[in-house]
Amino acid sequence: MTSVIVHYQELALKGRNRPWFIRALLRNIRTLLADLDVRHIASMVGRIEVRFESGDHWPEVRARLARLSGIANFARAVHVPADVDVMAATVLDGLRGLEPRRFRIKARRADKRFPVPSPEIERRVGAHVQAELGWPVDLSHPQSVIRIEVLSGEAFIIFDREPGAGGLPIGSGGKAVCLLSGGIDSPVAAWRVMRRGVTVQLVHFHSYPILNQVSQEKARELSAILARRQLMSRLYLVPFGSIQQQVMLTVPPELRVVIYRRLMVRIAQRIAERVHADALVTGDVIGQVASQTIENIRAVDDAATMPILRPLIGCDKEEITQEAIRLGTYETSIIPDQDCCTLFTPRNPTTRAALEFARAAEGLLDLETLVSQALRDTVVEERTFPAGPGLCAVVENGKMRRLLA
Ligand code: ATP
Ligand code: MG
């Protein structure tokens with residue numbers, strides 16, 4: 001029988017909240033693996049053990065656990081009868097097909113009645129692996145350590161630890177709403193915040209039907225990729241085109257991007273209040289594009305009544321790109337689309353949106369009507385992971401409609 005031993009970040013889960021964090025992680029792992037023949041899942045001293053009916057799903061289990069935040073590392077473990085030949089065969093099975101590595105076997109007898117002493121178990125199992133796979137034994141600097149724990153009547157074989165995503169368990173840190181464009185940065189920003197245990201809902205502004213639907217499709221795909229990590233994601237698709245047309249009528253071209261952003265913040269904030277979220281998240285990086293100068297950030301923040309978190313603020317594009325690749329969002333983000341922010345804006349928007357100008361330009365708009373119209377026409381989609389048919393729901397104008405995914 002196969003198990004997985006999950007270690008969380010000891011130091012991160014400190015103090016009185018510890019049992020609560022561990023329960024959150026346990027719950028997340030249970031949901032994450034719900035469809036993969038889990039027999040039993042339990043919290044032990046300093047670790048969580050998941051037992052499976054078989055080892056068949058290991059590659060999928062491994063891929064899913066590597067994405068879940070709150071895990072420091074995890075390792076596959078196999079229970080076998082306490083018999084050295086069986087142990088050797090099982091270790092061999094677990095390593096077959098992997099790249100050869102310098103390895104060592106570390107055995108420990110919790111049950112001293114087992115007749116074979118630990119060094120001999122190590123020698124026999126090690127020799128078997130060496131002979132069958134050609135892997136070199138290296139006792140001082142092994143690349144791979146396989147542990148064998150002999151208990152009464154059975155042995156436990158623990159393969160290499162694999163790195164987890166780190167961070168804190170999803171659902172342990174409040175709620176935020178991320179402004180998700182179709183670009184590279186905002187999904188990475190959303191993940192950075194999710195990884196600290198915050199539940200992040202997503203808001204995408206699109207200019208359909210003035211522009212095509214590609215940006216919405218990208219936002220949907222990104223939302224599905226993030227749901228694999230957060231176990232669910234809710235995507236609010238906000239029609240923004242008619243707001244932009246209104247802005248175009250009264251706001252000078254060089255101020256439009258900042259005014260669009262201020263309106264996005266106002267709308268996202270209203271959504272945040274509805275879902276009891278306490279912050280917004282964006283993918284802004286200082287100086288990356290014209291709208292992201294420190295002056296413009298100030299002019300955008302001026303419209304906010306809740307904190308705007310910008311986890312990428314000091315990152316270079318290359319760092320963000322690498323993280324997007326690891327996250328699995330990059331391929332979707334680079335699909336060419338028509339970004340709503342470029343609609344009715346000049347090629348060179350102002351890099352210094354003097355606060356007073358932005359406020360004055362906005363004074364000519366009926367903000368409340370624009371915001372509430374956009375909210376009324378917003379469509380919400382919910383995705384869960386793992387998803388079965390019918391698990392993707394769409395809420396339209398407050399009414400829930402089930403979709404066959
Ligand atoms: P990204 O790669 O995230 O699109 P960017 O470098 O293209 O970022 P901008 O287009 O200036 O930068 O957007 C800055 C931030 O504003 C984005 O990271 C995102 O949080 C938010 N944003 C921009 N456009 C939209 C949109 N259409 N819908 C939702 N949020 C948006
Ligand atoms: Mg963008």
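Throughout, numbering of the chain's residues begins at 1 and tracks the sequence.
No side-chain donor from either of E273 and Q269 sits under 3.5 Å from a side-chain acceptor of the other. When only modelled atom types and interatomic distance are considered, S207 and Q244 share a side-chain donor-acceptor pair under 3.5 Å.
Annotation: side chain of W58 is in contact with side chain of R76 (closest heavy-atom distance under 4.5 Å). Contact of the M194 side chain with the S69 side chain is not registered, since no non-hydrogen atoms from C-beta on lie closer than 4.5 Å. Residues E154 and E149 form no side-chain contact, since every pair of their non-hydrogen atoms from C-beta on lies 4.5 Å or further apart. Side-chain contact between R262 and D302 is present, with heavy atoms from C-beta onward closer than 4.5 Å. C178 is not listed as a side-chain neighbour of V203, based on a closest heavy-atom distance of 4.5 Å or more. Using a 4.5 Å heavy-atom threshold, the side chains of R18 and I22 count as touching. Proximity of R274 to L375: side-chain heavy atoms (C-beta onward) are separated by under 4.5 Å at one or more points. Between S372 and R270, the closest side-chain pair of non-hydrogen atoms falls below 4.5 Å.
Put simply, CZ on R298 and CD1 on I294 are 11.0 Å apart, with the number rounded to the nearest 0.5 Å. Separating the CG atom in D185 from the OG1 atom in T329 is a distance of 10.0 Å, to the nearest 0.5 Å. A distance of 6.5 Å separates CG of L25 from CG of L68, quoted to the nearest 0.5 Å. Remark: L237 CG to Q213 CD distance equals 10.0 Å, nearest 0.5 Å. For the atom pair CG (L180) and CZ (F205), the distance works out to 11.0 Å, reported to the nearest 0.5 Å. In this structure, CG in L365 is found 7.0 Å from CD1 in I259, a value given to the nearest 0.5 Å.
Salt bridge E356/R359: present, at least one basic N to carboxylate O contact under 4.0 Å. Look at R47 and E49 and you find no salt bridge, because none of the NZ, NE, NH1 or NH2 atoms lies under 4.0 Å from a carboxylate O. Salt bridge absent: E221 and R383 never bring a charged side-chain N and a carboxylate O closer than 4.0 Å.
Partner of E362 under the salt bridge (charged side-chain N to carboxylate O under 4.0 Å, His left out) criterion, out of R261, R266, R256: R266 alone. Among V91, I148, I157, the one residue that satisfies the side chain to side chain contact (heavy atoms under 4.5 Å, CB included) test with V80 is I157.
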Worked check of side chain to side chain contact (heavy atoms under 4.5 Å, CB included) between S333 and L222: CA-CA 8 Å; S333 290; L222 293 169; 3.9 Å; yes
Between I225 and L327, is a side chain to side chain contact (heavy atoms under 4.5 Å, CB included) present by the stated rule, with each step listed? CA-CA 8 Å; I225 295 170; L327 200 54; 5.5 Å; no
D85 and R124: CA distance, side-chain angles, deciding distance, side chain to side chain contact (heavy atoms under 4.5 Å, CB included) verdict: CA-CA 8 Å; D85 291 335; R124 281 171 57 186; 3.7 Å; yes
Run the side chain to side chain contact (heavy atoms under 4.5 Å, CB included) check on V275 and Y236 step by step: do they pass? CA-CA 12 Å; V275 301; Y236 293 79; 3.2 Å; yes
Under 3.5 Å, sequence neighbours excluded: what are the donor-acceptor pairs made by side chains of residues 96-105?
| unit_1 | atom_1 | unit_2 | atom_2 | d |
| --- | --- | --- | --- | --- |
| R101 | NH1 | D160 | OD2 | 3.4 |
| R102 | NE | D138 | OD2 | 2.8 |
| R102 | NE | H141 | O | 3.4 |
| R102 | NH2 | H141 | O | 3.0 |
| R104 | NH1 | L139 | O | 3.3 |

List the atom pairs, with distances to 0.1 Å, where a side-chain N or O of residues 29-36 and a protein N or O form a donor-acceptor pair under 3.5 Å, not counting sequence neighbours.
| unit_1 | atom_1 | unit_2 | atom_2 | d |
| --- | --- | --- | --- | --- |
| T31 | OG1 | R27 | O | 3.0 |
| D35 | OD1 | R64 | NH1 | 2.8 |
| D35 | OD2 | R64 | NH2 | 3.4 |

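The aromatic rings of H79 and F156 lie tilted to each other, with the angle between the two planes from 30° to 60°. Between H204 and H206, the ring planes lie parallel to each other; the angle is under 30°, not in the 30° to 60° tilted range.
Under a cutoff of 6.0 Å and an axis angle of 45°, R67 and F385 form a cation-pi pair.
Contact detail for V150 and A82: the closest heavy-atom pair is CG1-CB, 4.3 Å. Minimum interatomic distance between A299 and V258 (heavy atoms only, all atoms of both residues): CB-CG1, 3.9 Å. Residue L26 comes nearest to A42 through the heavy atom pair CD1-C, 4.2 Å, listed as atom of the first residue, atom of the second, then distance. Annotation for A268 and V177: closest pair O-CG1, 4.2 Å, computed over non-hydrogen atoms. Taking each heavy atom of A361 and L255 in turn, the nearest pair found is CB-CD1, 4.0 Å. Considering all non-hydrogen atoms of both residues, D111 and S152 come closest at OD2-CA, 3.3 Å.
At distances below 3.5 Å, not a single donor-acceptor pair connects side-chain atoms of K218 with backbone N or O atoms of D337. The backbone N or O of A24 sits less than 3.5 Å from a side-chain atom of N28, completing a donor-acceptor pair. No donor-acceptor pair under 3.5 Å is formed between the side chain of T2 and the backbone N or O of F52. For Q292 (side chain) and D284 (main-chain N/O), no donor-acceptor pair under 3.5 Å exists by modelled atom type. Side chain of S186 to backbone of T282: no donor-acceptor contact under 3.5 angstrom is found.
Applying the salt bridge (Lys or Arg N to Asp or Glu O under 4.0 Å) rule to D301 yields the partners R310; only residues at least two apart in sequence or on another chain are considered.
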